[in-house]
Amino acid sequence: MRKTALITGIAGQDGSYLSAFLLAKGYRVHGLVRWDNRNDPLDAFEPDVVLHNGDLTDANALSMLLKRVQPDEIYNLAALSHVKVSFETPASALAINAGGTLNLLESIRVLGMEKSVRFYQASSSEMFGGSPAPQNEDTPMQPCSPYGAAKLSAYWLARTYRESYGLHVSNGILFNHESPLRSVDFVTRKITKAVAEMEKGRLEPLVLGNLEAVRDWGYAQDYVEGMYQMLQREKPDDYVLATGKAHSVRDFVVRAFSQIGLGLVWHGEGLGEEGRDARTGRVLVKVDATFFRPSEVHVLRGDAAKARRLLGWQPRTSFDDLVALMVNADREALRTGYEDRAWMQAG
Ligand code: G4F
């Protein structure tokens with residue numbers, strides 16, 4: 001019997017990789033997508049993936065959808081996922097990330113689907129906030145952003161529904177995971193796209209915020225397998241997925257420029273700091289207050305021993321390979337004219 005999966009947030013990076021992964025396993029895939037976030041016309045016909053317009057905050061519509069689709073597995077990936085934006089729209093962060101999760105869990109319960117559905121909740125390492133690294137499933141959670149607080153609320157709702165109603169609900173506590181599909185609103189893709197553009201002649205420097213923040217960056221494609229593996233376990237549980245290796249934003253920048261043969265030397269400090277081309281002295285990187293957050297999670301480095309032990313999961317892509325594949329994808333996108341070239345006029 002073919003299984004049916006419903007993925008909320010299917011249009012995002014993880015949704016895209018996960019749907020490809022599940023299709024290859026023979027699943028029927030349904031996806032929930034906000035109508036203004038679709039990159040296909042509303043009446044497009046896609047035989048392998050059925051897209052449904054919807055929004056996690058619309059509880060009745062979600063219930064109707066679950067009743068219609070009758071999924072075996074639900075992957076709740078939809079979220080307001082940008083940490084800095086969550087400081088600007090905290091109520092939306094809470095409504096979507098926590099309220100939306102509640103709407104799904106409550107729909108499962110009210111429809112009596114507790115025994116037929118398995119549920120994956122996209123929890124986040126941002127929930128650890130200020131807790132010292134390395135962080136694992138037992139590390140105290142001390143979020144320091146509306147995003148982290150909302151995700152923590154969803155995490156506890158998921159656990160509550162598991163323990164109170166016997167739902168098969170697992171939290172995947174994922175550390176940062178990136179890819180060429182990442183939006184440029186996130187620091188890794190912002191860097192790799194700028195580096196590829198500079199190689200092609202862009203003149204303006206790359207402008208960033210906090211260069212000292214340390215993250216545990218993995219490759220998104222490796223992580224969606226872990227999501228799937230969690231739902232194949234007989235018993236639901238919570239798992240950290242991470243590489244265990246940490247690098248600063250500065251490390252990422254240096255590595256990305258080295259990919260196009262440029263070395264950086266740093267001058268100045270704080271907001272006045274600049275990264276210059278070691279050979280020509282040209283300014284390639286600047287720092288600006290716009291990209292700092294009201295409060296910052298300084299160091300995230302995960303310990304995924306439990307996922308390794310119980311799921312057999314481990315990341316396959318190193319930091320260096322991740323940076324290389326992202327820079328190369330952006331170079332290729334420019335070469336084929338896939339990305340827009342607005343920066344050319346601006347430069
Ligand atoms: O790429 P980021 O915006 O990712 P962040 O905030 O760590 O969140 C991502 O990972 C979480 C998992 O831990 C997810 F839950 C979340 O949904 C998202 O996917 O920022 C990474 C670091 C931050 O410390 C930020 O302050 O980079 C720093 N940074 C420095 N300059 C910047 C910039 N971040 C962005 N987005 N843009 C900058 O110019």
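First listed ligand is number 1; within each ligand, the first listed atom is number 1.
Residue pairs that meet the salt bridge (charged side-chain N to carboxylate O under 4.0 Å, His left out) test with at least one member in residues 244-253, sequence neighbours left out, are E212-R250, R250-E273.
Around ligand 1, the residues contributing at least one heavy atom under 4.0 Å from the ligand are S81, H82, V83, S124, S125, E126, Y147, L174, N176, R182, D185, F186, V187, K190, L208, G209, N210, A213, R215, V249, F291, R293, E296, L300.
Taking the six-membered ring where tryptophan is involved, the planes of Y75 and Y120 are tilted, since the angle between them lies from 30° to 60°.
The closest side-chain donor-acceptor pair between E106 and Y161 falls under 3.5 angstrom.
When the side chains of ILVMFWY residues are joined at heavy-atom separations under 4.5 Å, either directly or via intervening members, I173 and W217 end up in two distinct hydrophobic clusters.
Between K151 and E126 there is no salt bridge, since none of the side-chain N atoms of the basic residue sits less than 4.0 Å from a carboxylate O of the acidic one.
Taking the six-membered ring for Trp and the full ring otherwise, the centers of F175 and Y223 sit at least 6.0 Å from each other.
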